[in-house]
Each structure stands twice: as structure tokens, then as C-alpha cells.
Amino acid sequence: MRTKLVALPRRAFCTHAAISGTSHIARLARLGQIDNARRVFDQMLHKPIASWNAVVSGYFQNSRPYEAREMFDRMPERNTVSWNGLVSGYVRNGMIEEARKAFDVMPERNVVSWTAMVRGYVRQGMVSAAEVLFWQMPEKNVVSWTVMLGGLIQDGRIDEARRLFDMMPVKDVVARTNMMGGYCQEGRLDEAREIFDEMPHRNVVCWTAMITGYAQNDRVDIARKLFEVMPEKNEVSWTAMLMGYTQCGRIEEASEIFDAMPVKSVVACNAMILGFGQRGEVVKSRQVFDMMREKDDGTWSAMIKVYERKGFELEALDLFAMMQREGVRPSFPSLISILSVCASLACLDQGRQVHAQLIRSHFDFDVYITSVLITMYIKCGNLVKAKVVFDRFGVKDVVMWNSIITGYAQHGLGEEALRVFQEMCSSMTLPDEVTFVGVLSACSYTGKVNEGREIFDSMKNKYLVEPQTEHYACMVDLLGRAGRLNEAMDLIKGMPVEADAVVWGALLGACRTYMNLDLAEVAAKKLLELEPENAGPYILLSNLYASKGKWTDVADLRRKMRSRSVSKSPGCSWIEVEKKVHMFTGGDSRSHPEHVGILRMLEKLGVLLRQAGYSPDGSFVLHDIDEEEKLHSLRYHSEKLAVAFGLLKIPEGMPIRVMKNLRVCGDCHSAIKLIAKVTGREIILRDANRFHHFKDGSCSCRDYW
DNA sequence: TTAGGGTTAG
């Protein structure tokens, strides 16, 4: 009697402890704390199979498949759940072959094992393999049918999916929601709505799916009506509604939804950061960001992206540094964002660091991120490194080929670009419209008129790529640079689509080079109609008037600009020194702490340049100001300030890399050529359009830009 | 402790 009394609670205690240990492990693993989960497991005296299974699954859930396998191999005994955990764990980590091996050797299979394997093939996009397995299943339940249904939908085989759906012996909410979502994806809202209306029972998930369906298909107002009447809302449904508004640019309403949400989930906050960012309300984005107590990787990358897109590159970089200080390990999406920041800001040192992180996280085998990486190296002016990364990558896709072709084009390496293009074609990768923009601009930068013409013609005939305005713009540029202005004008007249600002801009640029005032006025007039707020055409035209000494016309233009409140966007240049970016605006060096040194360097250069026979070219200054003032404003152009600072700071033998937000001015171009000569330094300047490699008194663009 | 549906991001 006594033993019984004692034994019973003891056994009850033991079992209870074991169960709670197991569920504790599972909970920790779900929270991403797999190492703590492992500690709990190690401390357990009695380890039931379930606890082993929980640890194995936990490792898989946290993307540590090798440790999961090690635990599995060490298990004293295994049941079907253990084997199923192994199969589904491999599936979850995209290791389909491993999953299949485990599936083939497992001693006993049940519906779960089969379904996990079918799901694995679906996840890999191997839908036919999934179908084969599905029809071999000894027994199926609603879940297995639903997995197969999802596979067909994912494959875009929506009508086949419907046939399968009709064959299902039992349909529950999940299956119906799947079918409904499939129709929504295809834009077949009526069929989706029919399934929704005929559902015997609806839950939050299917209401949300229907709302998303309407929102994604430009029916956000219908979505809102459903949202108002749905019986129960959760964070996800609020977020879906919010997204519906942000995606169609209705930020006011998105913001209202956001304010009304009882619980502001991380996802909703992230969406709102991006939503405000879209409209350029960067401060509001930041307010949401600062308000969040809990942030995920998406939060950081959203805020970084907003900064990057809206031209707050330094803030983006600061935030990335802060993220790392707070110990947040950047994962795939934020690394992509920050690589784009590095590319647009051209901070090579930061970019290199990110590259190292990619290698450490094994992301360097991804085609997509590698293309971003190549672009980053190119935009930082490090073509050699870009090519090394490119060559090392195995099977390349169009985007990667495009990155390197466009890169060569921007650096003025026309021959190389064309060679890579040939290589691409013989590698059986079909060029797309982006490829041709790269190839044609390569021809244009190197003056290969005939090659360009041939390629332009082959686009349609050989590669079945319809030329778009960008391609016409390239051709206008190509002909225009070669001085064939009338041919360029004829091409524009013959365009099947309306010429846009880029096309007219190309013509205007060529008119500037060849001093053709008549055509310039035609192009500029068109441009002022198309983009009245853009300062570019005013400036080009006024430079043209100025260089012909027509100061009354210059004054007229300036009056027009003022009355339409158009202002010249201030030119600025920057340079990275020891992982810090230094920004300079024209005429203003005083804001920099080392302005005294910079001015002294400029004085010194001035003497050296005059000795080398340099005379400043005042035609590049917009205003009709007196000669001396003009020369003064030339001397302090932002690119010159940045170059001077680079000469002070960058060690001898290292190239000086300077970036500018506008096109380099002609005077600076000739000055920097000479600076490269008299100082014996290599200077790489990235302007808004392309790269200039200055060495020994000449530039890689051969004065043709 | 193992298999299915709705929200963000590149």
C-alpha cells in the first residue's frame, strides 16, 4: 500500500517531467534557441524517444541539418516519428536527395512519411516527381491531397488543380483555402469568391486569403468591405489589409489601418516602414523603426532600403553598422540590401566585408546575390574583382551575364563587353532586353557604330527581343556621339512608340558635343514638355548658349527655370577613406574638418597644372559671371575637392576612387587627366553615367562620354 | 516529437 502510494506519484512526476522537458525543447527550438534546447535535453535524466525527436527536429528547424543528423545517428532507438522527422527535416532544408535516401531506407512508412516526401518534391519545384509519388501512396488523407493540390497550383496548373480538388473525398477549410488562393493568384477572382461563398465553415485564414486576393488584384476597396465584416481579425488579417493599401500607394489609408491595429506586429511595422519610404516620408519610416521594441532582420533591411532608395546612403550605412553593434547577424535579405547600398555609394571596403560575410554564411553560391556582388564591385570601380567573382561562378544566369556586360560597358571596355556577349550566346544563355541595353551602350561608349547597328537589327530578327525606348535611346546616343545627328533624328521619327525623355536627352547630349543649336532646341523643347521639373535640359541648353556667347538666351532660360521653380540639383562627390565616406559639395570645402589641407593641396595642384599647360575652360559654368569668379567656381567643383582629399589620404600606389552624383564636367575631366599625370596616380571617377579611369594624362573614355 | 492554407523583404 505504501509503495503504491509513493510509486504512483513518482511515476506520474517522472512522466510529467519528461513530457514537459520535451515540449520545453520544442518551444525553445521554435524560438530559435536550439542551443538552450540542447542544454535542457542534456540535463534530462530520462530521455524518451520524443525528446530525442524534438532535438533532431529542432536542429533542422534552425537550419543545422548536420547536427540534426548526428543526433539522429546517436539515438538508442528510433520510431516512425523519428524517421519522419529526418525526412521532413531534410525537406525543410532543401536537401531533397538526403530526404529521399532516408525515405527509401526507413523501416516503416505512414501517411506522414509519404506526404512529407511529396511535399519535398513540390518544394523543389519537381512537381512531376511529386505526382508520381502521390499516386503511389498506399493511403491518402486530406493533408496529402492538399499538398498535391498546392503543388499543381504552384506550378500554375490551376485547371488540373481544380480537377484534383473535385476528386478529393473530403475537403476541409485548408484545402478550400488553397484552391481559393490558387484562383486569386491567377486573378480569377470570381471562381475564388465562389469557393469562398460555398464554404461550410470559414476561419480567419480563409477570410484573410480572400482579402489578399482582392487587394493583390487592384480591388482594394472590395477587400476593405470584406475586412469590415469579417467576424474575427488577427495580426495577419490587419497586416494583409495594410499591405493592400501600401501596394497601391494609398499610404494615408495604410497609416489609418496601422494606427487602428490593436497589436502592431513586426511584419506590419516593416510594411509601414516601406510604405512611408515609398512616399519619401523617411522621417516617419524612422519613427516606426524607433518605436519598435522587437525588430527582425526584415525591419533592419526595410529601413536600410528606404534610406538607400531615397538617397540617404550615409544613414543606411550607419544603420548597418548599428545593426552589427547590436549583435544582429545580417541574413540573406539584409545582406542584399546592404550590398546595394555599397554599390550605390561605392564603398569598396564595406562591400568587401559583406563579401566575406557572404562566404562565411555560404551565401556565395547563390546566383542572385552573386550578381548583386558583381554589380557592387563594378560600381566600386573594381572590375578585376568583379571578373574573378564572375569567372568562379559555375552555371550563370542571364542576370549574371548582364551584370558583367553592363559593367564593362560602363567602364568603356567595349571590346570586352562584346566578347562576353559572344561568350554568353555560345553558352546557350538567351540574351534579354537588359543584355541589349548593355551591349548597345558598350558600342556607343566605344564608337562602334556599325557593330551597334547590326546588333540592334539582330535583336528583333535573331533574338526575338522587341526594341524598347531604352534601346532606341542607346542607338540615338550611338549615332549622336559619332556625329550622325540627322540619322539619329530620323531614327526617332521612325520609332514605333513615343520617344521618351531618355531618347531626347541622348540627342540633346550629342547636340552639345557637336554644337548643333538647331536640333538642340528641338530636343530641349520636347524634354521641357516631358519633364518640366528636370533641370538637366535647361543646363545643357544653357551651356550650349553660353559656349556660343548667347548670354541673353542664357538669362532667358534662367528666368524660366526660376519661374517654374526648377533648380539645379547640387553636384556632390564623395570618396571612401578607411571605411568612412567623405562627401563634398561644389564650392564648399569648409564643412570638412580638413579643409585647410584640401585647399593647400588644390593650390599646389593649381601650380603644377599651370606648368603642365592647363587652362581652365569656362564654358562649363552655367552662369554669366565674370571670368575670375567663373574660374573660382571651377576650381572648387566637388570632384576636384574629393580628388584633392584622396591625394592627401590614400597611400601612394593605391588608386583614388571618387564618385559623383552628376556627369563629370568637361573642365574637371581635363584637369583630372593632368592631375593623374603630374602626380603619377591612378584616379577612377564614377559619374552618373559611367566610369573614367584616369592614368598618365589620359582617360579610358577617350574623351568620349 | 513528424505532413497542408493567410501578412513583410531582396
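Here is the naming used below: chain letters follow the sequence lines, and residue numbers restart at 1 for every chain.
When distances run from any side-chain atom of A:V236 to the nucleotides B:dT2, B:dT7, B:dG5, the shortest one goes to B:dT7. The side chain of A:Q216 sits closest to B:dT8 out of B:dT8, B:dA3, B:dT1. The side chain of A:A50 sits closest to B:dT1 out of B:dT8, B:dT1, B:dG6. The side chain of A:T115 has B:dA3 as its nearest neighbour among B:dA3, B:dT7, B:dG5. Here the side chain of A:N270 is nearest to one of B:dT7, B:dT8, B:dG5, namely B:dT8. Among B:dT1, B:dA3, B:dT8, the nucleotide with an atom closest to any side-chain atom of A:N53 is B:dT1. Candidate nucleotides B:dG5, B:dA9, B:dG4 were compared by shortest atom distance to the side chain of A:T146, and B:dG4 ranks first. Out of B:dT1, B:dG5, B:dG4, the shortest distance to the side chain of A:A54 is found at B:dT1. Taking every side-chain heavy atom of A:N234 into account, B:dG6 is the closest of B:dG5, B:dA3, B:dG6. For A:V147, the side-chain atoms get nearest to B:dG4 when compared with the rest of B:dG6, B:dT8, B:dG4.
Look at A:K305 and you won't find any side-chain N or O under 4.0 angstrom from OP1 or OP2 of B:dA9. Not one side-chain nitrogen or oxygen of A:Q61 sits closer than 4.0 Å to the OP1 or OP2 atom of B:dT1. Look at A:R176 and you won't find any side-chain N or O under 4.0 angstrom from OP1 or OP2 of B:dG5.
Rounded to whole angstrom, the span from the CD atom of A:E77 across to the P atom of B:dT1 amounts to 18 Å. Between the C1' atom of B:dT8 and the CH2 atom of A:W300 lies a distance of 17 Å, rounded to the nearest Å. If you measure from atom NZ of A:K171 to atom P of B:dG5, you get 19 Å, rounded to the nearest angstrom. Atom C1' of nucleotide B:dG4 and atom CD of A:Q154 are separated by 13 Å, given to the nearest angstrom. The interatomic distance linking A:L149 (CG) with B:dA3 (P) rounds to 19 Å, in whole Å. One can place OH of A:Y214 at 16 Å from P of B:dT7, the figure rounded to the nearest angstrom. Whole-Å rounding puts the A:N79 CG to B:dT1 P distance at 13 Å. What separates CZ of A:R309 from P of B:dA9 is a distance of 11 Å, to the nearest Å.
Nucleic acid contact for A:A302: none, since no nucleic acid atom lies under 4.0 Å from a heavy atom of the residue. If you check every strand for non-hydrogen atoms under 4.0 Å, A:N203 touches a base. Across all strands, A:I273 comes closer than 4.0 Å to no nucleic acid atom at all (heavy-atom distances). Residue A:A175 is in base contact, counting any heavy-atom pair closer than 4.0 Å across all strands shown. The residue A:V118 sits apart from the nucleic acid: no heavy atom pair falls under 4.0 Å. Residue A:S301 is out of contact with every strand shown, counting any heavy-atom pair closer than 4.0 Å. In this structure, A:V87 reaches neither bases nor backbone, as no heavy-atom distance under 4.0 Å exists between it and the strands shown.
With salt bridges taken as basic N to acidic carboxylate O contacts below 4.0 Å, none links A:E228 and A:K233. Comment: A:E198 does not engage A:K171 in a salt bridge, judged by the lack of any side-chain N to carboxylate O separation of less than 4.0 angstrom.
Rounding to the nearest 0.5 angstrom, the gap separating the CZ atom in A:R163 from the CG atom in A:D159 is 6.5 Å.
Defined by atom type and a distance below 3.5 Å, a donor-acceptor pair is missing between the side-chain atoms of A:D35 and A:N62. Under the 3.5 Å distance criterion, with hydrogens and angles disregarded, no donor-acceptor pair is assigned to the side chains of A:Y90 and A:R100.
Checked by distance alone, A:D297 brings no side-chain donor or acceptor within 3.5 Å of a matching partner on the base of B:dA9. With hydrogens and angles ignored, no donor-acceptor pair closer than 3.5 Å exists between the side chain of A:D172 and the base of B:dG5.
With A:Y59 as the partner, the side chain to side chain donor-acceptor pair (under 3.5 Å) test is satisfied by one option alone out of A:R38, A:R69, A:R64: A:R38.
Counting all heavy atoms, side chain and backbone alike, A:A240 lies closest to A:T212 at CB-OG1, 3.7 Å.
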